[in-house]
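One structure is given below, encoded as structure tokens.
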Amino acid sequence: MTKRIITAALLLGTVSAFAPLAHAEMAGSVETETRRVPGLERPAEIVVDFWGIPHIYAANERDAFFLQGYNAARDRLWQIDLWRKRGLGRLSESFGPAYVEQDRAARLFLFRGDMDKEWAAYGPKAKGYTQAFVEGINAYVDRVADGTLELPIQFRASNSRPERWSPEDVVRIRSHGLTRNATSEVERARVACLAGLRADALRAKLEPAWTTKVPDGLDPCLVPEDVLKDYELATKGVSFSPETQRDAALDARSFLAASRGKRDTIGSNNWVVAPERTETGRPILANDPHRAHGVPSLRYIVHLNAPGLSVIGAGEPSLPGISIGHNGTIAFGLTIFAIDQEDLYVYETNPDNPNQYRYGDGWEDMRVERETVSVKGGAPQEVELRYTRHGAVLRSDPAKNRAFALRTVWLEPGTSAYFGSSDYMTARNWDEFKAAMDRFATPSENQVYADTGGNIGWIAAGMTPRRTNWDGLLPVPGDGRYEWGFFTRSDLPSVYNPADGWFATANQMNLPADHPAAEKPIGFEWANPSRYQRIAEVLSADDHVSLNDAMRLQNDDGSMVGRRIAKLFAGQPAPADALERQAFDGLRNWDGEVRADSAAAAVAEIMVAGPLGRETVKLAVPEPARAIVDDGDIGAVLDLLEAPDDRLGTDPRGARERILSAALTTAVAKAKDLMGDDPSDWRWGAIHRALFVPDVAPLLSASDKAQMSVGPLAIGGSASTPRATSYGPDFGVRAGASFRMVLDVGNWDASRTINTPGQSGDPMSPHYRDLAPLWAAGAYVPLLYSRGAVETSAAEVLKLTP
């Protein structure tokens, strides 16, 4: 089987990246295994196609979700087990005392409310789906525990074992959600303290246009830089680096800056095109969610089939169902819609009792819970978790009689991230889909829709705090003056069959022009609109959009940020230095395409990564706040450089010239260090490469680490291009679209997908790395739906019996 699948991948890699991908000629012998699975009710099959996508055929819905869990464990056991342990605060039990603090922080954010209300919030079948799903995981875990099935290498490397699940584990974990701007509130408070709120304009661009103010009763100088340490610990991934390195990574300023950058680096693209504007005469739906890259991928593609159920697409492997994909009549996809779903509260505490805080005219008791953290190789440790009426207490300062807590929608029933998809994935039409969106809570999403009747639509969905006397942009006193209500789904925008014949989202500010921001402050901090602007430019110019066009657009390297930079340099005096002049000439003639083979793209992205913003901040922001504003928001920076004002001094245009000149000098020096003395040899792809390294790498031998890593792969794009490939300080790709999907709505077998580096988390599987070269080349594989097409592409068949 291994040889056949690898050959199939190579064949796909030799065709045009966007050509239709034939697979019939690859058919040959299929590896078949019969396996008994205790807990299964009726005989079933899992057909794994050439590209590692499992197609599950069960006799009833319960068995379909049971086998989804069983198969998730089969392909991704280490990943889902680590997700559960991290989320529940159970790392110490498997990995030792270095993780006690992370466990304590994670437990702060577990859902602790009424489980009946919790299950009811997701729809009538959610609990049953989850019960079956975890029974499937446990069936696999049990066979690993008794030695029938092999323990994955990651467990052996970490000297740990997988654990059994309960249904409540799936929904109680909240800390993997994306709920927005607590980190920005802290930075804004610190800027306000040190330099006033005007200085914050370069750090975060507010949309719709808005002027915030310090809430009554708040002293922004009381908000400490490290107030979110527990929040960071609770939401971070698991590191197996030496403890000293993990501690260094918990630097408060670095965390705040990194969180700010995620507005542009962790997002998504999606769009729908109506039949009258497509080559096929059928709707097209495209989606490519952007998150941190890893091996295995965050998302997992699966096909679930049972009488009355047939859904295919991607979800997170630790959750039942799918969140992006289609059933027989509708297709759906999502991107983040930036509802502000959290706030930091500041309390005056009782000098005589630090577990009391002022609320209204008196003192209110914090709720205190004490738990025991089991520790591998050490004594159990008792931890204390404290809560106000608003949420988890993150920090106390007894010397100043202050405490700080985070209010987040996480603690409301029905807010387990992405789990709401269990409600909408079986909808049959727009009305049913819209009704499910009324119950969808987190993360807040742009949900796009298309159906076989030719309809398309968009719904902004998510639990939305109603703030009546503040805008959510700064911390607020927790004394009762600043309380939430909630808007309903009908308060958020939606579109059905738009007049333009298409609709697209890319995390940009997409509230309607007449949205009343003062009465409905939904959110003010959105991603840079560059990706959306390029997508809109392409879709609006094409009234015969094909599947190939949609795939090309998902891999498009066009940057509106790049075009703005090129235009700025077109009006800039040429530098005297010969090397800088060569780079300058490339920039001012650059088309803004962030191609892997482009020298101008390399220089521009090096500037975007720091020098351009930092040089602007030096002149525009008072010195005390510069370290916080850092290199600023690239959209706000470019706005100022295109229309320089008195923030740049008495000679704004002259200041702009100096900023551009200094940024170019720094960028050229950096490019020279990275790529050599000759600009004709510079290429963006030389430094912008994707390398997928497993999380257990610090525990592996050098040879095992090399075997389990994938790449490096040179690739174009950046955070500002539709081919979203965000990078870190070394310019290596860190986040972006590891999963892409383009759906031919109604002709489902023509749909295409990719998931990098592969579907499996088992390094010995041919599907661990087989899709990475295709992904880097912008290629796709079939997303097959009909039973006949699936059987033609079968590479492995598991025949399962109770």
Side-chain angles (χ1 to χ4, degrees), residues 105 108-109 179-197 199-200 203-204 212-235 252-253 255-256 259-260 340-368 384-411 465-485 521 523-525 625 628:
L108 277 171
F109 292 104
T179 52
R180 247 68 64 206
N181 79 335
T183 52
S184 189
E185 289 183 19
V186 172
E187 286 197 314
R188 185 171 288 108
R190 291 184 54 74
V191 171
C193 170
L194 296 170
L197 279 172
D200 195 58
R203 186 193 62 82
T212 189
K213 66 176 184 177
V214 175
D216 291 343
L218 174 71
D219 178 356
C221 296
L222 288 175
V223 179
E225 185 177 49
D226 64 349
V227 67
L228 296 179
K229 180 181 178 182
D230 280 350
Y231 178 85
E232 177 187 7
L233 279 168
T235 56
R253 184 168 297 171
F255 167 65
L256 293 171
S259 298
R260 172 171 18 104
D340 178 0
Q341 295 182 306
E342 59 191 12
D343 278 311
L344 183 68
Y345 281 78
V346 182
Y347 304 92
E348 177 190 355
T349 54
N350 187 344
D352 299 321
N353 183 353
N355 284 335
Q356 289 185 328
Y357 60 97
R358 184 170 297 284
Y359 192 83
D361 294 329
W363 299 109
E364 187 163 299
D365 289 330
M366 296 178 186
R367 186 176 91 250
V368 181
E384 183 178 274
L385 312 174
R386 296 186 301 158
Y387 299 87
T388 69
R389 64 167 52 220
H390 300 116
V393 177
L394 302 179
R395 176 176 168 143
S396 293
D397 187 346
K400 296 181 180 179
N401 297 321
R402 290 293 181 272
F404 305 84
L406 185 73
R407 182 164 194 188
T408 168
V409 298
W410 284 345
L411 301 184
R466 180 194 293 268
R467 301 172 178 90
T468 57
N469 57 332
W470 87 105
D471 54 22
L473 290 169
L474 281 153
V476 289
D479 57 11
R481 284 178 286 175
Y482 298 93
E483 296 296 336
W484 286 3
F524 294 94
E525 294 175 283
I628 301 169

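All values derive from a computational prediction rather than experimental measurement.
With sequence neighbours left out, the salt bridge (Lys or Arg N to Asp or Glu O under 4.0 Å) criterion links Asp230 to Arg104. Judged as a ring-ring contact (aromatic ring centres under 6.0 Å, His included), and not counting sequence neighbours, Tyr359 has no contacts. Considering only residues two or more places apart in sequence or on other chains, Ala195 meets the side-chain contact (heavy atoms from CB on, under 4.5 Å) condition with Ala199, Pro622, Ala625. Scored by the salt bridge (Lys or Arg N to Asp or Glu O under 4.0 Å) test, Glu342 finds no partners at all (sequence neighbours excluded). The side chain to side chain donor-acceptor pair (under 3.5 Å) test applied to Trp484 returns Asp343, not counting sequence neighbours. Taking Asp365 as the reference, Gln356 meet the side chain to side chain donor-acceptor pair (under 3.5 Å) condition, with sequence neighbours excluded. Contacts of Arg395 classified as side-chain contact (heavy atoms from CB on, under 4.5 Å), with partners at least two apart in sequence or in another chain: Pro224, Asp226, Val227, Phe404. Residues forming a ring-ring contact (aromatic ring centres under 6.0 Å, His included) with Tyr357 (at least two apart in sequence, or on another chain): Tyr347. Considering only residues two or more places apart in sequence or on other chains, Lys213 meets the side-chain contact (heavy atoms from CB on, under 4.5 Å) condition with none of them. Here Asp479 pairs with Arg481 under the salt bridge (Lys or Arg N to Asp or Glu O under 4.0 Å) rule; sequence neighbours left out. For Arg358, the salt bridge (Lys or Arg N to Asp or Glu O under 4.0 Å) criterion is met by Glu348, not counting sequence neighbours. Not counting sequence neighbours, the partners of Leu197 by the side-chain contact (heavy atoms from CB on, under 4.5 Å) test are Arg188, Ala192, Thr212, Val214, Leu474.
With a 4.5 Å cut-off on side-chain heavy atoms, Leu385 and Val368 do not count as touching. Looking at Leu218 and Val476, their side chains never come closer than 4.5 Å, going by heavy atoms from C-beta outward. With a 4.5 Å cut-off on side-chain heavy atoms, Trp363 and Asn353 do not count as touching. Arg386 has its side chain within reach of Ser396: a pair of non-hydrogen atoms, C-beta onward, lies under 4.5 Å apart. Side-chain contact between Val409 and Pro465 is present, with heavy atoms from C-beta onward closer than 4.5 Å. The closest side-chain heavy-atom distance from His390 to Leu406 is not below 4.5 Å. Side-chain contact between Pro215 and Tyr482 is present, with at least one heavy-atom pair separated by less than 4.5 Å.
Shown here for Leu108 and Tyr387, the closest heavy-atom pair between the two residues is O-OH, 3.0 Å. Closest of all the heavy-atom pairs between Lys400 and Leu222 is CD-CD2, 4.1 Å. Residues Leu394 and Phe109 share a closest heavy-atom pair of CD2-CZ, 3.8 Å. A pairwise comparison of heavy atoms in Ala189 and Pro220 identifies O-CB, 3.3 Å as the closest pair. For the pair Asp216 and Pro477, the tightest heavy-atom approach, listed with the atom from each and the gap, is O-CG, 3.6 Å. Minimum interatomic distance between Val346 and Pro475 (heavy atoms only, all atoms of both residues): CG2-CB, 4.0 Å.
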Check step by step if side-chain contact (heavy atoms from CB on, under 4.5 Å) holds for Asp340 and Arg467.
CA-CA 10 Å; Asp340 178 0; Arg467 301 172 178 90; 3.5 Å; yes
Evaluate the side-chain contact (heavy atoms from CB on, under 4.5 Å) criterion for residues Met366 and Val393: first the C-alpha distance (whole Å), next the side-chain angles of each, then the deciding distance (0.1 Å), finally the verdict.
CA-CA 9 Å; Met366 296 178 186; Val393 177; 4.0 Å; yes
For side-chain contact (heavy atoms from CB on, under 4.5 Å), just list the numbers for Glu483 and Arg407, CA-CA rounded to whole Å, side-chain angles, deciding distance to a tenth of an Å, and then say yes or no.
CA-CA 10 Å; Glu483 296 296 336; Arg407 182 164 194 188; 3.9 Å; yes
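The number of heavy atoms from other shown groups lying within 6.0 Å of CG (Asp361) does not exceed 12.
Side-chain contact annotation: Ser184 with Arg203, donor-acceptor N/O pair under 3.5 Å present.
Atoms CG and CG, on Leu228 and Leu344 in that order, are 6.0 Å from each other to the nearest 0.5 Å. Here Phe524 contributes atom CZ and Leu473 contributes atom CG; the two are 6.0 Å apart, rounded to the nearest 0.5 Å.
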